[in-house]
Amino acid sequence: MNISPLRFAATAALALALGAPLAAAAAEDEPYRDGAQVRAELVKVLTCQAKRDEFMRVGNALTPLYYDKPAQPALAGWRKAKDANTFVTIFDMPEAITVYGHSTKQVMMVGEGLLAVVDGDVADALSKQLKLKASDEPLARHIRVREISRETLGDGIDTTVTQTVSTITSHPGKTMVGCEYKMVW
């Protein structure tokens, strides 16, 4: 059987197009080398310097902990904290990270975002430092936000990266600062 070069090129292009999403998904699931790599990527996610796939990689690494299952070795010492607020999940880390000058050993997963949980009510100071404004959502005026970037994926779907600072009554004396990586239709 004789395959024409044009037919071969079309088949190769189709294989590459179908394989690209699989390669991206594989990168999201690739284990971290060590705890330092996890912390470095986490800080990048929390400060809105990451791409959505980097956010998804951190989220995928934390998912087993959410379900009280063993996590990859680079997350040794991490654990899901007990929390009365059913809308958030807090993870305790064995080593502190620093986000915008604030050290913490806790990170909160909420919706499509990760937030550092820092001591003190520093929401106003952080909002001013980061040039954030009150959310447009009627029930979320306590949340300060700034859209960092928006990428159009096509078919009316965008991804947004939104910087967030908030306080919530279930966590008095704490301020949450981080980033949301959302799909928007």
Side-chain angles (χ1 to χ4, degrees), residues 28 32 35-63 65-66 75 78 80-154 156-185:
E28 290 174 7
Y32 289 99
Q37 185 185 24
V38 174
R39 288 187 306 281
E41 194 157 297
L42 178 61
V43 168
K44 194 174 172 186
V45 166
L46 293 169
T47 57
C48 304
Q49 297 173 28
K51 299 286 185 197
R52 184 170 169 77
D53 62 328
E54 293 167 305
F55 163 75
M56 293 300 296
R57 184 176 183 206
V58 172
N60 289 344
L62 292 172
T63 297
L65 294 172
Y66 176 83
L75 274 77
W78 286 59
K80 183 170 81 171
K82 293 186 190 274
D83 199 277
N85 186 332
T86 58
F87 296 103
V88 303
T89 301
I90 294 181
F91 298 99
D92 291 324
M93 301 177 285
E95 293 184 50
I97 57 170
T98 301
V99 179
Y100 301 116
H102 299 272
S103 180
T104 185
K105 284 186 165 188
Q106 288 190 318
V107 64
M108 177 183 285
M109 183 181 282
V110 57
E112 293 178 272
L114 284 173
L115 308 167
V117 180
V118 300
D119 288 329
D121 185 357
V122 294
D124 289 338
L126 278 170
S127 295
K128 187 175 181 179
Q129 173 188 345
L130 302 172
K131 298 177 176 77
L132 307 182
K133 63 180 179 89
S135 172
D136 293 335
E137 298 294 325
L139 298 176
R141 291 288 182 199
H142 63 287
I143 300 173
R144 284 78 165 220
V145 297
R146 179 170 59 105
E147 188 173 292
I148 302 295
S149 66
R150 179 178 289 261
E151 180 183 349
T152 300
L153 299 179
I157 301 171
D158 292 352
T159 61
T160 62
V161 176
T162 305
Q163 197 162 44
T164 304
V165 169
S166 69
T167 57
I168 50 179
T169 56
S170 61
H171 295 79
K174 303 285 184 182
T175 299
M176 280 52 76
V177 58
C179 206
E180 293 178 309
Y181 294 79
K182 294 190 211 179
M183 300 289 281
V184 181
W185 288 264

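The structure presented is a predicted model; accordingly, all values stated were derived computationally and were not measured.
- Residues Met176 and Thr164 are not in side-chain contact: their nearest non-hydrogen atoms beyond the backbone lie 4.5 Å or more apart.
- Distance check, rounded to the nearest 0.5 Å: CD of Glu147 to OG1 of Thr160 gives 5.5 Å.
- With hydrogens and angles disregarded, a donor-acceptor distance shorter than 3.5 Å links the side chain of Thr104 to the backbone of Val117.
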Audit row: Asp136, Lys133, salt bridge (charged side-chain N to carboxylate O under 4.0 Å, His left out) steps and yes/no: CA-CA 9 Å; Asp136 293 335; Lys133 63 180 179 89; 3.7 Å; yes
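- By the 4.5 Å heavy-atom criterion applied to side chains, Arg52 and Leu153 are not counted as neighbours.
- Of all heavy-atom pairs spanning Ser166 and Ile143, the tightest one is CB-CG1, 3.8 Å.
- Residues Thr152 and Asp158 are in side-chain contact: their nearest non-hydrogen atoms beyond the backbone lie under 4.5 Å apart.
- One N or O on the side chain of Thr175 and one on the backbone of Gly120 form a donor-acceptor pair closer than 3.5 Å.
- Between Lys51 and Thr159, every side-chain heavy-atom pair lies at or beyond the 4.5 Å cut-off.
- Across every non-hydrogen atom of Ala61 and Leu75, the tightest pair is O-CD2, 3.8 Å.
- Distance check, rounded to the nearest 0.5 Å: CD of Glu180 to CG of Leu114 gives 10.0 Å.
- For the pairing with Ser170, the side chain to side chain donor-acceptor pair (under 3.5 Å) check across Asp83, Thr86, Asn85 returns one residue only, Asn85.
- Closest of all the heavy-atom pairs between Glu54 and Glu41 is O-OE2, 3.4 Å.
- At least one side-chain heavy atom of Val184 sits under 4.5 Å from a side-chain heavy atom of Arg150.
- To the nearest 0.5 Å, the span separating CD on Gln163 from CZ on Arg144 amounts to 13.0 Å.
- Note: Met56 CE to Thr63 OG1 = 8.0 Å, rounded to the nearest 0.5 Å.
- Side-chain contact between Thr98 and Val43: absent, with no pair of heavy atoms (C-beta onward) separated by less than 4.5 Å.
- To the nearest 0.5 Å, atom SG of residue Cys179 and atom CZ of residue Arg146 are 9.5 Å apart.
- One distance of note links CG of Leu126 with OH of Tyr100; it measures 8.5 Å at 0.5 Å rounding.
- Both tests pass for Arg57 against the ring of Tyr32: distance under 6.0 Å to the centre and angle within 45° of the axis.
- Between the side chain of Lys105 and the backbone N or O of Asp92 there is no donor-acceptor pair closer than 3.5 Å.
- When the shell of 6.0 Å around NZ of Lys182 is examined, it contains 12 or fewer heavy atoms from other residues, nucleotides or ligands.
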Please test Thr89 against Leu62 for side-chain contact (heavy atoms from CB on, under 4.5 Å), starting from the C-alpha separation and ending with a verdict. CA-CA 10 Å; Thr89 301; Leu62 292 172; over 6 Å; no
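- Put simply, the side chain of Val107 does not reach to within 4.5 Å of the side chain of Ile97, judged on heavy atoms.
- Using a 4.5 Å heavy-atom cutoff, the side chains of Val118 and Val99 are not in contact.
- Taking all atoms of both residues into account, the shortest heavy-atom contact from Trp78 to Phe91 is CE3-CB, 4.1 Å.
- Listed here is the closest heavy atom pair of Ala96 and Ser103: CB-OG, 3.4 Å.
- Under the ring pair (Phe, Tyr, Trp, His ring centres under 6.0 Å) criterion, the residue pairs touching residues 159-185 are Phe55-Tyr181, with sequence neighbours excluded.
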